[in-house]
Amino acid sequence: MANYVERVIEQCKKNNPGEVEFHQTVEEVLSSLQPVVEQHPEYEECALLERLVEPERGVTFRVVWVDDEGKVQVNKGYRYQFSSAIGPYKGGLRFAPNVYPGIIKFLGFEQIFKNSLTGLPIGGGKGGSDFDPNGKSDAEVMRFCQAFMTELYRHIGPNTDVPAGDLGVGAREIGYLFGQYKRITDRFDGGVLTGKGIPYGGLLGRTEATGFGIVWYAEEMLKANGEEIKGKVVAISGFGNVSWGTAWQLQRLGAKLVTISGPDGYIYDPEGISTDEKVAYLLELRSSGKNICAPYAEKFPEAKFFPGKKPWTVQQDAGIKVDMFIPCAMQNDVHMEHAKAMVEGGCKFYCEGANMPTTNDALKYLMDNCIAVGPAKAANAGGVACSCIEMGQNAGHTVFQHEDVYAQLHQIMKNIYNACANAGEKYYGNKNALVQGANIAGFERVAEAMMAQGLV
Ligand code: GLU
(Lines give C-alpha, C1' and ligand atoms only; values in the text may rest on other atoms or scores of the structure.)
Protein backbone atom coordinates (compact mmCIF):
# COMPACT_ATOMS: atom_id res chain seq x y z
CA MET A 1 0.00 0.00 0.00
CA ALA A 2 1.29 3.44 -0.95
CA ASN A 3 2.55 5.65 1.88
CA TYR A 4 1.04 9.00 2.89
CA VAL A 5 3.21 11.11 0.58
CA GLU A 6 2.54 8.87 -2.44
CA ARG A 7 -1.20 8.89 -1.76
CA VAL A 8 -1.32 12.69 -1.57
CA ILE A 9 0.63 12.99 -4.85
CA GLU A 10 -1.79 10.62 -6.62
CA GLN A 11 -4.86 12.32 -5.16
CA CYS A 12 -3.54 15.75 -6.18
CA LYS A 13 -3.06 14.56 -9.77
CA LYS A 14 -6.65 13.25 -9.84
CA ASN A 15 -8.03 16.46 -8.34
CA ASN A 16 -6.21 18.68 -10.85
CA PRO A 17 -6.53 16.88 -14.19
CA GLY A 18 -4.25 17.95 -17.01
CA GLU A 19 -2.21 20.40 -14.92
CA VAL A 20 1.08 18.66 -15.72
CA GLU A 21 3.50 21.32 -14.42
CA PHE A 22 1.63 21.43 -11.12
CA HIS A 23 1.77 17.61 -10.84
CA GLN A 24 5.50 17.76 -11.58
CA THR A 25 6.33 20.21 -8.81
CA VAL A 26 4.05 18.55 -6.25
CA GLU A 27 5.76 15.23 -6.95
CA GLU A 28 9.25 16.74 -6.74
CA VAL A 29 8.60 18.60 -3.48
CA LEU A 30 6.50 16.04 -1.62
CA SER A 31 8.77 13.09 -2.36
CA SER A 32 11.68 14.96 -0.72
CA LEU A 33 9.60 15.37 2.44
CA GLN A 34 9.27 11.63 3.10
CA PRO A 35 11.83 11.44 5.97
CA VAL A 36 10.28 14.47 7.74
CA VAL A 37 6.71 13.23 7.36
CA GLU A 38 7.75 9.85 8.80
CA GLN A 39 8.84 11.61 11.98
CA HIS A 40 5.54 13.49 12.26
CA PRO A 41 2.52 11.15 12.12
CA GLU A 42 0.38 14.08 13.30
CA TYR A 43 0.75 15.64 9.82
CA GLU A 44 -1.28 12.85 8.28
CA GLU A 45 -3.88 13.00 11.06
CA CYS A 46 -4.55 16.67 10.30
CA ALA A 47 -4.25 16.25 6.51
CA LEU A 48 -1.42 18.75 6.41
CA LEU A 49 -0.10 17.76 2.96
CA GLU A 50 -3.60 17.60 1.45
CA ARG A 51 -4.15 21.16 2.68
CA LEU A 52 -0.79 22.36 1.43
CA VAL A 53 -1.44 21.26 -2.18
CA GLU A 54 -4.88 22.92 -2.25
CA PRO A 55 -4.71 26.72 -2.75
CA GLU A 56 -6.50 28.64 -0.01
CA ARG A 57 -8.22 30.58 -2.77
CA GLY A 58 -8.06 30.89 -6.55
CA VAL A 59 -9.71 33.42 -8.82
CA THR A 60 -9.99 33.35 -12.59
CA PHE A 61 -11.40 36.30 -14.38
CA ARG A 62 -12.11 37.86 -17.76
CA VAL A 63 -9.84 40.67 -18.95
CA VAL A 64 -11.35 42.81 -21.71
CA TRP A 65 -9.34 45.46 -23.53
CA VAL A 66 -9.20 47.19 -26.91
CA ASP A 67 -6.14 46.86 -29.17
CA ASP A 68 -4.61 49.61 -31.35
CA GLU A 69 -6.82 48.60 -34.29
CA GLY A 70 -9.93 49.14 -32.16
CA LYS A 71 -10.59 45.38 -31.91
CA VAL A 72 -11.94 44.03 -28.60
CA GLN A 73 -9.60 41.46 -27.03
CA VAL A 74 -10.47 38.98 -24.28
CA ASN A 75 -7.86 37.28 -22.09
CA LYS A 76 -7.93 35.07 -19.02
CA GLY A 77 -6.65 36.40 -15.67
CA TYR A 78 -5.62 34.30 -12.65
CA ARG A 79 -4.53 34.66 -9.06
CA TYR A 80 -3.92 31.55 -6.94
CA GLN A 81 -3.43 32.32 -3.24
CA PHE A 82 -1.74 29.17 -1.99
CA SER A 83 -0.64 29.66 1.58
CA SER A 84 -0.84 32.47 4.10
CA ALA A 85 0.56 30.34 6.96
CA ILE A 86 3.64 32.54 7.50
CA GLY A 87 2.62 35.85 5.92
CA PRO A 88 0.47 37.55 3.26
CA TYR A 89 0.41 35.80 -0.11
CA LYS A 90 3.41 36.91 -2.13
CA GLY A 91 4.48 36.03 -5.65
CA GLY A 92 4.69 37.35 -9.16
CA LEU A 93 2.39 37.74 -12.14
CA ARG A 94 3.28 35.98 -15.38
CA PHE A 95 2.01 37.26 -18.73
CA ALA A 96 2.69 34.68 -21.45
CA PRO A 97 0.54 32.98 -24.11
CA ASN A 98 1.01 29.50 -22.58
CA VAL A 99 -0.30 30.54 -19.14
CA TYR A 100 -3.06 28.25 -17.79
CA PRO A 101 -3.88 27.05 -14.26
CA GLY A 102 -1.22 24.28 -14.34
CA ILE A 103 1.55 26.88 -14.76
CA ILE A 104 0.23 29.39 -12.24
CA LYS A 105 -0.34 26.62 -9.70
CA PHE A 106 3.14 25.14 -10.09
CA LEU A 107 4.59 28.61 -9.56
CA GLY A 108 2.31 29.34 -6.61
CA PHE A 109 3.10 26.04 -4.94
CA GLU A 110 6.87 26.52 -5.38
CA GLN A 111 6.52 30.03 -4.01
CA ILE A 112 5.34 28.73 -0.61
CA PHE A 113 8.68 26.99 -0.04
CA LYS A 114 10.82 29.66 -1.67
CA ASN A 115 9.31 32.41 0.42
CA SER A 116 9.65 30.36 3.58
CA LEU A 117 13.34 29.76 2.80
CA THR A 118 14.01 33.51 2.77
CA GLY A 119 13.28 33.52 6.52
CA LEU A 120 10.97 36.50 5.93
CA PRO A 121 7.22 36.75 6.71
CA ILE A 122 5.71 36.04 3.27
CA GLY A 123 3.21 33.38 2.19
CA GLY A 124 2.90 31.94 -1.32
CA GLY A 125 0.79 32.93 -4.32
CA LYS A 126 1.05 33.54 -8.05
CA GLY A 127 -1.03 34.99 -10.83
CA GLY A 128 -0.97 36.02 -14.43
CA SER A 129 -2.62 35.93 -17.79
CA ASP A 130 -2.39 34.32 -21.22
CA PHE A 131 -1.77 37.84 -22.60
CA ASP A 132 1.46 38.04 -24.66
CA PRO A 133 3.24 41.40 -24.20
CA ASN A 134 5.73 40.65 -27.01
CA GLY A 135 4.97 42.74 -30.06
CA LYS A 136 2.35 44.87 -28.28
CA SER A 137 2.54 48.64 -28.22
CA ASP A 138 3.03 50.52 -24.95
CA ALA A 139 -0.55 51.76 -25.12
CA GLU A 140 -1.85 48.21 -25.57
CA VAL A 141 0.17 46.97 -22.60
CA MET A 142 -1.20 49.85 -20.51
CA ARG A 143 -4.80 49.16 -21.47
CA PHE A 144 -4.36 45.47 -20.76
CA CYS A 145 -2.76 46.13 -17.34
CA GLN A 146 -5.54 48.55 -16.41
CA ALA A 147 -8.21 46.00 -17.35
CA PHE A 148 -6.37 43.26 -15.45
CA MET A 149 -6.10 45.37 -12.28
CA THR A 150 -9.76 46.40 -12.50
CA GLU A 151 -10.54 42.88 -11.24
CA LEU A 152 -7.34 42.02 -9.36
CA TYR A 153 -7.53 44.99 -6.98
CA ARG A 154 -10.38 43.27 -5.07
CA HIS A 155 -8.13 40.40 -4.07
CA ILE A 156 -4.86 42.11 -3.11
CA GLY A 157 -3.56 44.54 -0.49
CA PRO A 158 -0.33 45.24 1.46
CA ASN A 159 -1.41 42.79 4.21
CA THR A 160 -3.42 40.41 2.03
CA ASP A 161 -1.61 39.55 -1.17
CA VAL A 162 1.32 41.37 -2.78
CA PRO A 163 1.97 40.58 -6.47
CA ALA A 164 5.18 41.38 -8.33
CA GLY A 165 6.70 40.63 -11.73
CA ASP A 166 7.61 37.36 -13.41
CA LEU A 167 7.98 36.44 -17.11
CA GLY A 168 6.43 39.20 -19.23
CA VAL A 169 5.87 41.50 -16.25
CA GLY A 170 8.62 44.04 -15.57
CA ALA A 171 8.86 47.60 -14.29
CA ARG A 172 6.65 48.96 -17.10
CA GLU A 173 3.77 46.57 -16.39
CA ILE A 174 4.10 47.04 -12.61
CA GLY A 175 3.87 50.81 -13.15
CA TYR A 176 0.63 50.55 -15.13
CA LEU A 177 -0.82 48.03 -12.66
CA PHE A 178 0.05 50.26 -9.70
CA GLY A 179 -1.38 53.35 -11.37
CA GLN A 180 -4.70 51.61 -11.91
CA TYR A 181 -4.79 50.18 -8.36
CA LYS A 182 -4.25 53.67 -6.97
CA ARG A 183 -6.88 55.17 -9.24
CA ILE A 184 -9.54 52.63 -8.20
CA THR A 185 -8.83 52.53 -4.48
CA ASP A 186 -7.68 56.12 -3.96
CA ARG A 187 -4.88 54.78 -1.75
CA PHE A 188 -1.12 55.01 -2.19
CA ASP A 189 -0.59 51.48 -0.86
CA GLY A 190 3.06 51.31 -1.89
CA GLY A 191 3.37 47.79 -0.50
CA VAL A 192 0.58 46.37 -2.66
CA LEU A 193 2.97 45.57 -5.53
CA THR A 194 6.72 45.08 -5.54
CA GLY A 195 9.23 45.71 -8.28
CA LYS A 196 7.96 49.27 -8.54
CA GLY A 197 9.95 52.09 -10.14
CA ILE A 198 12.39 53.90 -7.86
CA PRO A 199 10.54 57.26 -7.80
CA TYR A 200 7.38 55.74 -6.32
CA GLY A 201 8.45 53.25 -3.67
CA GLY A 202 10.63 50.77 -5.56
CA LEU A 203 13.66 49.24 -3.88
CA LEU A 204 17.16 50.08 -5.11
CA GLY A 205 18.70 46.79 -6.25
CA ARG A 206 15.41 44.87 -6.74
CA THR A 207 15.85 44.59 -10.52
CA GLU A 208 19.16 42.72 -10.26
CA ALA A 209 18.35 40.96 -6.97
CA THR A 210 17.25 37.62 -8.46
CA GLY A 211 20.39 37.26 -10.60
CA PHE A 212 22.74 38.52 -7.89
CA GLY A 213 21.19 36.09 -5.41
CA ILE A 214 21.55 33.15 -7.81
CA VAL A 215 25.27 33.77 -8.21
CA TRP A 216 25.79 34.26 -4.46
CA TYR A 217 24.00 30.96 -3.87
CA ALA A 218 26.12 29.25 -6.54
CA GLU A 219 29.22 30.71 -4.91
CA GLU A 220 28.28 29.02 -1.62
CA MET A 221 27.77 25.71 -3.44
CA LEU A 222 31.25 25.94 -4.91
CA LYS A 223 32.90 27.07 -1.67
CA ALA A 224 31.40 24.16 0.27
CA ASN A 225 33.18 21.88 -2.20
CA GLY A 226 36.53 23.62 -2.06
CA GLU A 227 36.12 25.66 -5.25
CA GLU A 228 35.83 29.37 -6.00
CA ILE A 229 33.65 31.17 -8.51
CA LYS A 230 36.42 33.41 -9.84
CA GLY A 231 37.64 32.14 -13.20
CA LYS A 232 34.85 29.58 -13.63
CA VAL A 233 33.32 29.12 -17.09
CA VAL A 234 29.54 29.45 -16.84
CA ALA A 235 26.76 28.90 -19.40
CA ILE A 236 23.24 30.26 -18.91
CA SER A 237 20.02 30.32 -20.90
CA GLY A 238 17.70 33.28 -21.43
CA PHE A 239 18.49 36.97 -21.88
CA GLY A 240 15.78 38.56 -19.71
CA ASN A 241 15.88 40.13 -16.29
CA VAL A 242 17.14 37.06 -14.42
CA SER A 243 19.84 36.35 -17.02
CA TRP A 244 20.97 39.98 -17.01
CA GLY A 245 21.33 40.08 -13.19
CA THR A 246 23.14 36.75 -13.28
CA ALA A 247 25.49 37.96 -16.01
CA TRP A 248 26.26 41.16 -14.12
CA GLN A 249 27.04 39.37 -10.85
CA LEU A 250 29.16 36.72 -12.63
CA GLN A 251 31.13 39.63 -14.08
CA ARG A 252 31.49 41.27 -10.64
CA LEU A 253 32.81 38.04 -9.14
CA GLY A 254 35.22 37.34 -12.00
CA ALA A 255 33.56 34.32 -13.61
CA LYS A 256 33.44 33.93 -17.41
CA LEU A 257 29.92 33.73 -18.86
CA VAL A 258 29.97 32.22 -22.36
CA THR A 259 26.31 31.79 -23.41
CA ILE A 260 22.86 33.36 -23.41
CA SER A 261 19.83 32.13 -25.35
CA GLY A 262 16.40 33.00 -26.71
CA PRO A 263 13.56 31.20 -28.47
CA ASP A 264 15.61 31.66 -31.70
CA GLY A 265 18.77 29.82 -30.55
CA TYR A 266 21.83 30.51 -28.43
CA ILE A 267 24.88 32.77 -28.45
CA TYR A 268 28.36 31.49 -27.65
CA ASP A 269 30.83 34.26 -26.85
CA PRO A 270 34.35 32.77 -26.49
CA GLU A 271 35.65 36.02 -24.97
CA GLY A 272 32.93 36.02 -22.32
CA ILE A 273 29.87 38.22 -21.81
CA SER A 274 32.01 39.97 -19.26
CA THR A 275 32.28 43.67 -20.13
CA ASP A 276 29.94 46.44 -18.96
CA GLU A 277 28.97 47.03 -22.59
CA LYS A 278 28.02 43.38 -23.21
CA VAL A 279 26.08 43.01 -19.96
CA ALA A 280 24.19 46.25 -20.64
CA TYR A 281 23.44 45.04 -24.17
CA LEU A 282 21.26 42.27 -22.71
CA LEU A 283 18.88 44.96 -21.48
CA GLU A 284 18.76 46.47 -24.96
CA LEU A 285 18.01 43.08 -26.52
CA ARG A 286 15.12 42.57 -24.09
CA SER A 287 13.62 46.01 -24.50
CA SER A 288 13.60 45.63 -28.31
CA GLY A 289 10.48 43.47 -27.66
CA LYS A 290 11.45 41.02 -30.44
CA ASN A 291 12.33 38.16 -28.08
CA ILE A 292 15.41 37.09 -30.08
CA CYS A 293 19.09 36.95 -29.11
CA ALA A 294 20.68 36.58 -32.58
CA PRO A 295 21.48 40.34 -32.87
CA TYR A 296 24.14 39.87 -30.13
CA ALA A 297 26.38 38.14 -32.70
CA GLU A 298 25.97 41.06 -35.14
CA LYS A 299 26.89 43.58 -32.47
CA PHE A 300 29.82 41.51 -31.12
CA PRO A 301 31.28 39.59 -34.13
CA GLU A 302 33.56 37.41 -31.96
CA ALA A 303 30.37 35.65 -30.80
CA LYS A 304 28.69 32.83 -32.70
CA PHE A 305 24.93 32.25 -33.00
CA PHE A 306 23.64 28.66 -32.99
CA PRO A 307 20.12 28.90 -34.50
CA GLY A 308 17.40 26.66 -33.05
CA LYS A 309 19.70 25.19 -30.38
CA LYS A 310 19.89 25.40 -26.62
CA PRO A 311 23.18 26.22 -24.85
CA TRP A 312 23.23 22.85 -23.03
CA THR A 313 25.40 21.35 -25.77
CA VAL A 314 27.91 24.22 -25.89
CA GLN A 315 30.68 21.98 -24.54
CA GLN A 316 30.28 19.70 -27.60
CA ASP A 317 29.42 22.49 -30.08
CA ALA A 318 32.39 24.70 -29.18
CA GLY A 319 34.86 22.13 -27.81
CA ILE A 320 35.09 23.77 -24.37
CA LYS A 321 34.52 22.73 -20.77
CA VAL A 322 31.83 24.47 -18.73
CA ASP A 323 32.16 24.48 -14.93
CA MET A 324 28.56 25.40 -14.19
CA PHE A 325 25.27 25.58 -16.09
CA ILE A 326 22.59 28.00 -14.83
CA PRO A 327 19.25 27.80 -16.71
CA CYS A 328 17.62 31.26 -16.38
CA ALA A 329 14.83 31.18 -18.97
CA MET A 330 11.70 29.14 -18.22
CA GLN A 331 10.24 25.87 -16.94
CA ASN A 332 11.22 22.50 -18.42
CA ASP A 333 14.09 23.94 -20.46
CA VAL A 334 16.51 21.14 -19.54
CA HIS A 335 15.50 17.60 -20.54
CA MET A 336 17.24 14.29 -20.03
CA GLU A 337 19.32 14.47 -23.22
CA HIS A 338 20.52 17.96 -22.22
CA ALA A 339 21.45 16.79 -18.71
CA LYS A 340 23.44 13.92 -20.24
CA ALA A 341 25.26 16.29 -22.60
CA MET A 342 26.19 18.54 -19.66
CA VAL A 343 27.63 15.66 -17.64
CA GLU A 344 29.37 14.03 -20.64
CA GLY A 345 31.02 17.36 -21.45
CA GLY A 346 32.59 17.38 -17.96
CA CYS A 347 30.37 19.86 -16.10
CA LYS A 348 30.19 19.19 -12.33
CA PHE A 349 27.95 21.96 -11.00
CA TYR A 350 24.40 22.91 -11.94
CA CYS A 351 22.33 25.68 -10.40
CA GLU A 352 18.74 26.46 -11.38
CA GLY A 353 17.95 30.14 -11.95
CA ALA A 354 14.48 30.09 -13.56
CA ASN A 355 11.55 28.42 -11.81
CA MET A 356 11.52 24.62 -12.36
CA PRO A 357 13.79 24.75 -15.44
CA THR A 358 14.57 21.03 -15.22
CA THR A 359 12.27 18.07 -15.89
CA ASN A 360 12.08 15.70 -12.90
CA ASP A 361 14.03 12.90 -14.59
CA ALA A 362 16.78 15.29 -15.78
CA LEU A 363 17.02 16.80 -12.30
CA LYS A 364 17.44 13.35 -10.77
CA TYR A 365 20.15 12.51 -13.33
CA LEU A 366 22.04 15.72 -12.56
CA MET A 367 21.74 15.12 -8.80
CA ASP A 368 23.23 11.65 -9.30
CA ASN A 369 26.03 12.80 -11.60
CA CYS A 370 27.12 16.29 -10.49
CA ILE A 371 28.95 17.32 -7.35
CA ALA A 372 26.16 19.73 -6.41
CA VAL A 373 22.81 20.86 -7.84
CA GLY A 374 21.22 24.08 -6.61
CA PRO A 375 17.40 24.17 -6.74
CA ALA A 376 15.55 27.22 -8.08
CA LYS A 377 13.36 27.75 -5.05
CA ALA A 378 16.51 28.40 -3.02
CA ALA A 379 18.86 29.92 -5.59
CA ASN A 380 16.37 32.42 -7.06
CA ALA A 381 14.76 33.37 -3.73
CA GLY A 382 16.80 36.59 -3.59
CA GLY A 383 14.26 38.28 -5.86
CA VAL A 384 11.30 37.71 -3.61
CA ALA A 385 13.45 38.36 -0.52
CA CYS A 386 14.15 41.85 -1.86
CA SER A 387 10.45 42.21 -2.64
CA CYS A 388 9.79 41.67 1.05
CA ILE A 389 12.44 44.26 1.90
CA GLU A 390 10.59 46.59 -0.49
CA MET A 391 7.35 45.93 1.46
CA GLY A 392 9.19 46.85 4.66
CA GLN A 393 10.56 50.01 3.06
CA ASN A 394 7.06 51.05 1.99
CA ALA A 395 5.48 50.21 5.36
CA GLY A 396 8.14 52.29 7.12
CA HIS A 397 7.74 55.26 4.72
CA THR A 398 11.46 55.28 4.12
CA VAL A 399 14.12 54.59 1.47
CA PHE A 400 16.83 51.95 1.86
CA GLN A 401 20.29 52.42 0.35
CA HIS A 402 21.72 50.27 -2.44
CA GLU A 403 24.67 48.94 -0.45
CA ASP A 404 22.43 48.01 2.51
CA VAL A 405 20.15 46.05 0.19
CA TYR A 406 23.10 44.17 -1.34
CA ALA A 407 24.51 43.39 2.12
CA GLN A 408 21.16 42.06 3.35
CA LEU A 409 20.60 40.06 0.18
CA HIS A 410 24.07 38.50 0.36
CA GLN A 411 23.45 37.43 3.97
CA ILE A 412 20.01 36.04 3.10
CA MET A 413 21.50 33.93 0.28
CA LYS A 414 24.15 32.53 2.62
CA ASN A 415 21.46 31.73 5.19
CA ILE A 416 19.34 30.00 2.55
CA TYR A 417 22.31 27.96 1.36
CA ASN A 418 23.11 26.91 4.94
CA ALA A 419 19.47 25.98 5.64
CA CYS A 420 19.45 23.73 2.53
CA ALA A 421 22.84 22.16 3.25
CA ASN A 422 21.99 21.52 6.91
CA ALA A 423 18.63 19.91 6.09
CA GLY A 424 20.35 17.83 3.36
CA GLU A 425 22.94 16.67 5.89
CA LYS A 426 20.36 15.96 8.61
CA TYR A 427 17.83 13.99 6.53
CA TYR A 428 19.91 12.66 3.61
CA GLY A 429 23.38 12.51 5.20
CA ASN A 430 24.73 14.76 2.42
CA LYS A 431 25.38 18.52 2.51
CA ASN A 432 25.11 18.57 -1.28
CA ALA A 433 21.54 17.20 -1.17
CA LEU A 434 20.40 20.78 -1.69
CA VAL A 435 17.29 19.93 -3.72
CA GLN A 436 15.82 17.80 -0.93
CA GLY A 437 17.27 20.14 1.72
CA ALA A 438 15.53 23.19 0.21
CA ASN A 439 12.17 21.41 0.14
CA ILE A 440 12.56 20.29 3.75
CA ALA A 441 13.86 23.59 5.15
CA GLY A 442 11.08 25.51 3.37
CA PHE A 443 8.45 23.01 4.51
CA GLU A 444 9.42 22.83 8.20
CA ARG A 445 8.61 26.45 8.92
CA VAL A 446 5.28 26.37 7.06
CA ALA A 447 4.28 23.05 8.67
CA GLU A 448 5.01 24.39 12.15
CA ALA A 449 2.90 27.50 11.46
CA MET A 450 0.04 25.40 10.07
CA MET A 451 0.07 23.13 13.13
CA ALA A 452 -0.07 26.16 15.42
CA GLN A 453 -2.98 27.73 13.53
CA GLY A 454 -5.40 24.78 13.63
CA LEU A 455 -7.54 23.32 10.88
CA VAL A 456 -7.79 26.20 8.45
N1 GLU B 1 8.39 36.07 -9.75
C2 GLU B 1 9.48 36.08 -8.83
C3 GLU B 1 9.68 34.71 -8.26
O4 GLU B 1 9.51 33.75 -8.95
C5 GLU B 1 9.37 37.19 -7.80
C6 GLU B 1 8.18 37.15 -6.92
C7 GLU B 1 8.06 38.37 -5.99
O8 GLU B 1 8.96 39.18 -5.92
O9 GLU B 1 7.01 38.43 -5.33
O10 GLU B 1 10.04 34.53 -7.13
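When a ligand or atom number is given, it counts from 1 through the structure's own listing order.
Protein heavy atom in closest approach to atom 9 (O) of ligand 1: Lys90 NZ, 2.7 Å. For atom 8 (O) of ligand 1, the closest heavy atom belonging to the protein is Ser387 OG, 2.6 Å. Among protein heavy atoms, the minimum distance from atom 6 (C) of ligand 1 is reached at Gly92 N, 3.6 Å. Given atom 5 (C) of ligand 1, the protein heavy atom at minimum distance is Arg206 NH2, 3.6 Å.
Near Lys126, with a cut-off below 4.0 Å to any heavy atom, the atoms of ligand 1 are 1 (N), 2 (C), 3 (C), 4 (O). Residue contact check: Gly91 has heavy atoms under 4.0 Å from atoms 9 (O) of ligand 1. Atoms of ligand 1 found under 4.0 Å from any heavy atom of Ala164 (numbered from 1 in listed order, with element): 7 (C), 8 (O), 9 (O). Each of the following atoms of ligand 1 lies closer than 4.0 Å to a heavy atom of Asn355: 4 (O). Within ligand 1, the atoms closer than 4.0 Å to a non-hydrogen atom of Lys114 are 3 (C), 4 (O), 10 (O), numbered from 1 in the order shown. Proximity to Gly165 (heavy-atom distance under 4.0 Å) selects the following atoms of ligand 1: 1 (N), 2 (C), 5 (C). For ligand 1, the atoms lying closer than 4.0 Å to a non-hydrogen atom of Gln111 are 3 (C), 4 (O), 6 (C), 10 (O).
Aromatic ring orientation, Phe325 versus Trp312: perpendicular (interplanar angle above 60°, classes split at 30° and 60°). Ring geometry for Phe82 versus Tyr80: interplanar angle of 30 to 60°, hence tilted.
By the 4.0 Å heavy-atom criterion, Lys377 is excluded from the residues contacting ligand 1.
To the nearest 0.5 Å, the span separating OG on Ser129 from NZ on Lys76 amounts to 10.0 Å.
A cation-pi contact, defined as under 6.0 Å to the ring centre and within 45° of the axis, is absent between Lys114 and Phe109.
A salt bridge between Lys310 and Asp333 is present, with a side-chain N of the basic residue lying under 4.0 Å from a carboxylate O of the acidic one.
Residue Asp166 comes nearest to Leu107 through the heavy atom pair OD2-CD1, 4.5 Å, listed as atom of the first residue, atom of the second, then distance.
Within the 6.0 Å centre-distance limit, the rings of Phe131 and Trp65 are counted as a close aromatic pair.
Looking at Asn355 and Asn380, their side chains do bring a donor and an acceptor atom within 3.5 Å of each other.
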